[in-house]
There are 2 protein chains.
Amino acid sequence: MATANTEKPAFAPIKTQRAFEVICEQIRAQLAAGTLKAGDKLPAERELAAQFQVSRSALREALRSLEVAGIIRNLKGVKGGAVIQSAEPDRIVQAMQDYVHLGDVTLDELTEARIAIQDIVVRLACERGTEAHFAELEQIAERTRAETSVEARYECAAAYYDVLARATGNRMFGIFVDSLSGVLHEFVQGPGYETLQETLIDSRFKLIRFLRARDAEAAAEEMRKHLERVYRHVRKNIKAQAGSGGARKA
Amino acid sequence: MATANTEKPAFAPIKTQRAFEVICEQIRAQLAAGTLKAGDKLPAERELAAQFQVSRSALREALRSLEVAGIIRNLKGVKGGAVIQSAEPDRIVQAMQDYVHLGDVTLDELTEARIAIQDIVVRLACERGTEAHFAELEQIAERTRAETSVEARYECAAAYYDVLARATGNRMFGIFVDSLSGVLHEFVQGPGYETLQETLIDSRFKLIRFLRARDAEAAAEEMRKHLERVYRHVRKNIKAQAGSGGARKA
DNA sequence: CCATCTTGAATGGTCCGACCATTATAGTTT
DNA sequence: AAACTATAATGGTCGGACCATTCAAGATGG
C-alpha cells in the first residue's frame with residue numbers, strides 16, 4: 001500500500017451507476033433540455049427496454065422512480081405507456097413531509113417558517129389580489145363556518161390558504177405554503193380544536209376586509225396573530241401527548 | 001346506462017392500489033408513527049418480500065421508490081438490506097427542480113420568491129448569527145475570490161448561501177434557499193458572467209459587514225440589490241439565447 | 001349508413017427462477 | 001496473531017411467463 005495522504009484523500013467516492021439511474025438521468029436530461037415536455041408519450045415498456053438495451057425489470061424501476069417523482073404517469077392497456085405529467089406540487093409536499101418525519105425539523109421551525117412565508121404572501125396578495133380572489137376567499141370562509149367535521153374544516157383551510165397564495169401570482173409561494181401546512185396538519189390532531197374554530201373563522205373574515213382595503217400592514221398583522229394562536233394551541237396539545245407515538249420532535 | 005347525475009358525479013375516483021404502493025404506505029406509516037426511525041435496518045429483499053407476501057419484483061419497486069425519495073439506502077453484500085436514512089434536503093430540491101422543468105414556473109417567479117426568502121433569511125441571520133457564522137462567510141467569500149472556474153465559484157456561492165441560511169437556526173429556510181438557487185443555477189450558464197463576479201464578491205463582503213453591525217435593514221437591502229443584479233444579468237442571457245433548447249420559460 | 005357489440009392484440013402489474021458482482025464472516029494457513 | 005481463502009447471503013439484472021385492463025378494428029344489427 002502506498003502511504004495515504006493524510007491531508008486530503010481527494011478520492012471521489014465511487015458511484016456505482018446502476019442501470020435505472022442512468023435511465024432516469026437521460027429522461028430527466030431530455031426534460032431539462034426541452035426535448036421532452038408535458039404531454040409527450042414514451043414508448044411501451046418492452047420497446048423502451050429494447051431501446052435502452054436493458055431488461056424490463058431495470059426499466060420498470062426507472063419508470064417507477066420517475067412516477068413517484070411525479071414526472072410521468074403510467075397508462076395501462078393498448079396504446080398505453082408513460083406520459084410526461086404536467087407539474088404538480090404534491091411531490092414537493094411529500095418530500096417535505098418525508099424530511100420532517102425523518103426527524104430533522106421541529107414544530108418551532110415549521111411554525112416560524114410558516115409565519116414568515118405567510119407574511120410575504122399576505123402582503124403580495126394585498127397588493128396584487130383581485131376582487132375575484134377576495135370573493136373566493138369569502139366564499140370559502142363561509143363554507144368553513146357551515147362545515148362541522150374537523151377534516152372538512154381543514155380542507156377549507158387548505159383551500160383558503162391556496163387561494164391566498166394564488167393571489168400573489170407566484171406559484172412558488174403556493175408550494176411553500178402547501179408544504180408547510182401539509183406537514184403542520186399532522187400536528188393539529190388534538191382535542192379542543194373545535195373551541196378555537198370560531199376565533200379562526202372570524203380572523204379569516206377580518207383578513208379579507210383588510211385585503212379589500214389594501215391595508216397590507218393590518219392584513220399581515222392579522223395573519224401573524226392568527227398563526228400564533230394556532231401555534232400555541234398545537235404546542236399545548238403536543239406537550240399533552242408528549243411522545244405518544246404521533247408526530248414528535250416538538 | 002342509468003341517467004348520469006349532471007349536478008355532481010360524487011363518485012370517488014377509483015384508485016387501483018398497486019402492490020408497491022401499499023408497501024410504501026406501510027413503511028411510511030411506520031416512519032410517521034415512529035416505529036421506524038433513522039438508522040433502523042429492514043430485512044433483506046427476499047425475506048421482506050416473503051413477509052409482505054409479494055414477489056421480489058414488486059417489493060423492489062417499492063424499495064426503489066423509497067430510495068429515490070431519500071428514505072432508505074440499499075446496502076449490498078451479506079448483512080445488506082435497506083437502512084432508514086437520516087433526513088437529507090436534497091430530495092426536496094430535486095422535487096422542486098422537477099417541478100420547474102415540467103414548465104409551470106417562470107424565471108420571474110423564481111427570482112421574486114428568492115428575493116423574498118433571502119430577505120427573511122438575512123434579517124434572521126442578522127439577528128441570530130454568531131461570529132462563527134460570519135467568520136465562515138468571510139472565509140468562503142475570500143475563497144470565492146481565489147477561485148477561477150465558473151463552477152467552483154458557484155460552489156462557493158452555494159456554500160455562502162448555505163451558511164447564511166444556517167445562521168437563521170431554522171432548517172426550513174435552508175431548504176427553500178437550496179431549492180431556489182439550485183433551480184436558478186441552470187439559468188446562470190451564459191457569457192459575461194465573469195465580468196459580474198467582482199461586483200458580486202464585493203457585495204458579499206459588504207453584506208458581512210452589515211451582519212456584524214447587526215444592521216438588518218442595510219443587510220437586507222444589500223442582498224436585494226445583489227439578487228436583482230444577478231437577475232438582470234440572467235434575464236439578459238435568457239433573452240439572448242431565447243429558446244435555444246436550454247431552460248426556457250423566461 | 002350508423003350504432004352497438006364482439007373480438008383480439010398490446011400494455012402495465014405481478015410473479016418466478018436464474019445468474020453475477022459485491023460483501024462480510026467463518027475458517028484456514030502462515 | 002496476522003494474513004489469506006472459502007463461503008454464503010445480498011442487491012442488481014436478466015428473461016420468460018401469466019393476468020386484468022384497455023382500446024381499436026371488425027362483426028353484427030338496425
Side-chain angles (χ1 to χ4, degrees), chain A residues 1-4 11-28 36 39-85, chain B residues 1-4 11-28 36 39-85:
Chain A
M1 286 296 184
T3 61
F11 286 126
I14 67 126
K15 170 77 171 177
T16 309
Q17 278 285 55
R18 289 170 291 185
F20 85 94
E21 283 178 317
V22 183
I23 298 175
C24 283
E25 279 173 21
Q26 288 200 25
I27 293 184
R28 271 202 168 90
L36 282 177
D40 290 354
K41 196 162 114 25
L42 270 52
E45 284 184 0
R46 292 167 176 84
E47 184 186 335
L48 208 52
Q51 285 189 24
F52 280 111
Q53 298 197 13
V54 296
S55 76
R56 205 182 143 206
S57 320
L59 179 81
R60 274 181 66 79
E61 290 191 13
L63 291 184
R64 189 64 67 222
S65 302
L66 295 175
E67 185 191 325
V68 299
I71 296 181
I72 64 173
R73 197 173 105 233
N74 289 326
L75 298 180
K76 283 186 295 188
V78 65
K79 292 291 175 187
V83 293
I84 309 291
Q85 283 277 76
Chain B
M1 288 293 188
T3 61
F11 286 126
I14 67 127
K15 170 79 172 178
T16 308
Q17 278 286 54
R18 288 170 292 185
F20 85 95
E21 283 178 317
V22 183
I23 299 175
C24 283
E25 280 173 20
Q26 288 199 24
I27 294 184
R28 271 205 167 89
L36 283 177
D40 289 356
K41 194 162 117 22
L42 270 53
E45 284 184 359
R46 292 166 176 85
E47 184 186 335
L48 208 53
Q51 284 189 24
F52 280 112
Q53 296 197 12
V54 295
S55 75
R56 206 183 141 205
S57 320
L59 178 83
R60 275 182 64 80
E61 290 192 13
L63 291 184
R64 188 65 66 224
S65 302
L66 295 175
E67 185 192 325
V68 298
I71 296 182
I72 64 174
R73 198 172 106 233
N74 289 325
L75 298 180
K76 283 185 295 189
V78 65
K79 292 292 175 187
V83 293
I84 309 291
Q85 284 276 78

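Just so it is clear, the structure is predicted and the values come from calculations on it, not from any experiment. Just so it is clear: chains get the letters A, B, ... in the order the sequence lines come, proteins before strands, and each one is counted from 1.
Residues from residues 55-64 of chain B with heavy atoms under 4.0 angstrom of DNA chain C, sorted by number: B/Ser55, B/Arg56, B/Ser57, B/Ala58. For the contact set between residues 65-77 of chain B and DNA chain C, defined by any heavy atom under 4.0 Å, the members are B/Lys76, B/Gly77.
B/Gln51 places a side-chain heavy atom less than 4.5 Å from the side chain of B/Leu48. Using a 4.5 Å heavy-atom cutoff, the side chains of B/Ile84 and B/Leu42 are in contact. Annotation: side chain of B/Ile72 is not in contact with side chain of B/Val83 (no heavy-atom distance under 4.5 Å). Residues A/Arg64 and A/Phe20 fail the side-chain proximity criterion, which asks for heavy atoms closer than 4.5 Å.
For the pair A/Lys41 NZ and C/dA10 P, the computed distance is 14 Å after rounding to whole Å. Per the geometry, CD belonging to B/Glu45 stands 17 Å off P belonging to C/dT22, to the nearest Å. Atoms CD (A/Gln17) and P (C/dA21) sit 19 Å apart, rounded to a whole Å. Regarding A/Phe20, its CZ atom lies at a distance of 13 Å from the P atom of D/dC14, rounded to whole Å. If you measure from atom CD of B/Gln53 to atom C1' of C/dC16, you get 16 Å, rounded to the nearest angstrom. Computed from coordinates, the B/Lys79 NZ to D/dG11 P distance equals 12 Å when rounded to whole Å. If you measure from atom CG of B/Leu42 to atom P of D/dG11, you get 10 Å, rounded to the nearest angstrom. Taking atom CD of A/Glu47 as the reference point, atom P of C/dT11 lies 8 Å away to the nearest angstrom.
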Produce the list of close N/O pairs, under 3.5 Å, pairing protein atoms with atoms of nucleotides 3-5 of chain D; give distances to one decimal.
none

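Atom CG of residue A/Leu59 and atom CD of residue A/Glu47 lie 11.0 Å apart, to the nearest 0.5 angstrom. Here B/Ile71 contributes atom CD1 and B/Cys24 contributes atom SG; the two are 7.5 Å apart, rounded to the nearest 0.5 Å. Note that CD of A/Glu67 and CZ of A/Arg73 are 9.5 Å apart. Values are rounded to the nearest 0.5 Å. B/Ser55 OG to B/Arg46 CZ: the interatomic distance, rounded to the nearest 0.5 Å, is 12.5 Å.
Of the options B/Asn74, B/Ile23, B/Ile27, a side chain to side chain contact (heavy atoms under 4.5 Å, CB included) to B/Leu66 is made by B/Ile27 and by none of the others.
With DNA chain C read from its 5' end, the first of the two nearest nucleotides for A/Gly80 and B/Val78 is the one closest to A/Gly80.
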Checklist line | Stepwise side-chain contact (heavy atoms from CB on, under 4.5 Å) test for A/Glu21 and A/Glu61 | finding: CA-CA 9 Å; A/Glu21 283 178 317; A/Glu61 290 191 13; over 6 Å; no

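For NZ of A/Lys41, the number of neighbouring non-hydrogen atoms (other residues, nucleotides, ligands) closer than 6.0 Å is greater than 12.
For A/Arg46 against D/dG15, a side-chain-to-base donor-acceptor contact under 3.5 Å is absent.
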